[in-house]
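Below, read A as the first sequence line, B as the second, and so on, with proteins coming before strands; counting in each chain starts at 1.
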Amino acid sequence: MTIQQLLSQRVQAALAAAGAPDAPAIVQPSGKPEFGDFQANGVMGAAKALKTNPRALAQAVVEQLDLDGIAEKIEIAGPGFINIHLAPEFLAGRLQAALTDDALGIARPVPQKVMVEYSSPNLAKEMHVGHLRSTIIGDAIARVLGFVGHDVARCNHVGDWGTQFGMLVAYLLETRQSGDAELELADLENFYRKAKVRFDEDAVFADTARNFVVKLQGGDAEVLALWQQFVAVSMAHCQEVYDKLGVGLTLDAVRGESAYNDDLPVVVSDLRAAGLLVEDQGAQVVFLPEFKNPEGEAQAMIIQKKDGGYLYATTDLAAVRYRHRTLDLKRVIYVVDARQSLHFQQLFTLSKKAGFAPADMVLEHVAFGTMMGEDGRPFKTRSGGTVKLVELIDEAIERAYALVSEKNPGLAEDTRRSIARAVGVGAVKYADLSKNRTSDYIFNWDTMLAFDGNTAPYLQYAYTRVQSVFRKAGDFNAAAALFIAEPAEKQLALLLAQFDEVIESVASTCQPHQLCGYLFNLAQQFSRFYEACPILAAEGAVRDSRLQLAALTARTLKTGLELLGIAVLDEM
RNA sequence: GUGCCCGUAGCUCAACUGGAUAGAGCAACGGCCUUCUAAGCCGUAGGUUACAGGUUCGAUUCCUGUCGGGUGCGCCA
């Protein structure tokens, strides 16, 4: 149980004892140090409901409040706030427990079968910056859910099906016959462009391409083999990006759109049997009264085109059903661009209505905004083209290398190279993760790679400072008692003790920026502690205790950064 | 036209979902290195939370309207 939950329970009980059994305690970390460590705000509302004086009720609550061994001081302030100052011994005890726990003392909820669907690029083309946010945010969420103990399945719902694959496969056959296939496939973007040119210019080629779509759908072995070859090459490109980014996606996570092909007619017939499907203008559609079109009528969701083809709504419905019936998932998180919000609302609504997912299955669209350039417009190259993801990552690493070489030229070339990888990739990820995902965000090389401010390099640097202390500390007693005396120690301890709260919150809200904000506060507070409280120059028990604080700080920073997919370094 | 999201310091962003005097970081200005990495720390300045109402003990947060921006709205994904 987190401190906040513990306090909440106790205040709740006190409120009940004071005559307000149904009033919420509303316990939060205090806004300012002079208001204590935590504050309970529930009294004002409760007093209102009971039509009594809030100060008097606060007094009654405090008299009933049992915080023995937890708080050293409880005050009533303002109109009826209850300010709680935690006892240093209590905090020290919490930290001591975290030190001896691999999971840093976080509470383990009942494990749940959860899926995070993320990245999901279209295999027809090379990955570009548009795939970055889903890939990074989804990976962080998957890591956090795994850390709290859930059974996490990662799903890369790649686009490996659709009409453009006929064209690509036809072009693949052509380049293979001329012996250039391997060369051409090395640059997928170019491959797609050339195939498109052939399609537009050559009627015979276009016919072949269309014919291949039909053969592909019909399961023609030869065309299927070509398709598989293309998909494999494209996936290898993706894997290169994932490896470079340090994202935990592998081939086992891939389950593309094509995997649901056989089930699509069944989805249609089941919807029809359920009385949900109607024919309209030649297409098979479901009208959902929950969503109105501009005319105020139920909005249509197309399940099958008039030419018999299926759409991604159909595939997504099949996927929901598979995830329930076969995988038995209790929660599915879709990390997808905010622009698809309406689609997901419709998908979730229809899935439940059609019985493809039970009412208590949690389906959530974890939406995110667009990545913008410094001009506030979608991020593009100078010439206006899309930026390839590999190139973006390489540039980040190059920029980091230049910075590290400038700051610390004494380090060996190899060392600087590996620092540059961690710093460059970390900077890109952190810049994204540290912002509220729902809004658009502005991509800026200089701010994300700055060594000061709320950036990955600052956090990585803070970590190396702690590591440096331990390099010089020699032997220290890992079982030493931890106690809190100085204000800087108290503030650091308080933050360390709130790690579990942040993790729990990120796991439920899927908002990694909360973890970023927390780690930044922690790093900053550690630096204050580092300035105010000499560690190695201290003696005896004080030295041991401060080393314990430093050790827990290091582990918390490392764990937190790794949950964001960011590597830590011993020196930089 | 209509649905959704958004508008907070010069800039980039927070504000634990209704709590106290709206906080950080850049940038600006001023301090602190013979002492654990100064890639750091301390301080100063910077605000009518787009605007106008409403709800209540209390609003950046909830409701209504206005203005401004983004994005979606039946055979792409």
Legend entry - A:D160 and A:S258 side chains, donor-acceptor separation under 3.5 Å: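 Indeed, the side chains of A:S258 and A:D160 share at least one donor-acceptor pair under 3.5 Å.
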Inset, instruction - Taking atom types as modelled, find out whether A:Q498 and A:D500 have a side-chain donor-acceptor pair closer than 3.5 angstrom. - result: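 Note: A:Q498 and A:D500 side chains miss the donor-acceptor criterion.
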Tell me which nucleotide, if any, is Watson-Crick or G-U wobble paired with [N] when both distances must be under 3.5 Å.
| N | answer |
| --- | --- |
| B:rG30 | B:rC42 |
| B:rU2 | B:rG72 |
| B:rA20 | none |
| B:rA14 | none |
| B:rU8 | none |
| B:rU48 | none |

Legend entry - Touch class at under 4.0 angstrom, heavy-atom based, for A:D316 against every strand present: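 Touches nothing.
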Inset, instruction - May I ask you to decide if the ring planes of A:F443 and A:W445 are parallel, tilted or perpendicular, using 30° and 60° as cut-offs? - result: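 Perpendicular: the ring planes of A:F443 and A:W445 meet at over 60°.
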Inset, instruction - Measure up the A:Y334 and A:F348 rings against each other and bin them: parallel (under 30°), tilted (30 to 60°), perpendicular (over 60°). - result: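 Judged by the thresholds at 30° and 60°, the geometry between A:Y334 and A:F348 is tilted.
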Inset, instruction - Kindly point out which of B:rG74, B:rC4, B:rC41 is positioned nearest to the side chain of A:S341? - result: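 Looking only at heavy atoms from C-beta outward on A:S341, the closest nucleotide is B:rC4.
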Can you tell me if the side-chain N/O atoms of [X] get under 4.0 Å from OP1 or OP2 in [N]?
| X | N | answer |
| --- | --- | --- |
| A:K32 | B:rG23 | yes |
| A:Q28 | B:rU17 | yes |
| A:K472 | B:rU37 | yes |
| A:Q4 | B:rC16 | no |
| A:H365 | B:rC4 | no |
| A:R339 | B:rC5 | no |
| A:Y430 | B:rU12 | no |

Legend entry - Heavy atoms of other groups near A:R377 CZ, more than 12 under 6.0 Å: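 Atom CZ in A:R377 is not crowded, with 12 or fewer foreign heavy atoms closer than 6.0 Å.
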Legend entry - Position toward the 5' end of RNA chain B (nearest nucleotide), A:G282 or A:R528: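 Here A:R528 is the residue nearer the 5' end.
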Inset, instruction - Using only heavy-atom distances, decide whether a donor-acceptor pair under 3.5 angstrom links the side-chain of A:N41 to the base of B:rG18. - result: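 No, the side chain and the base share no sub-3.5 Å donor-acceptor pair.
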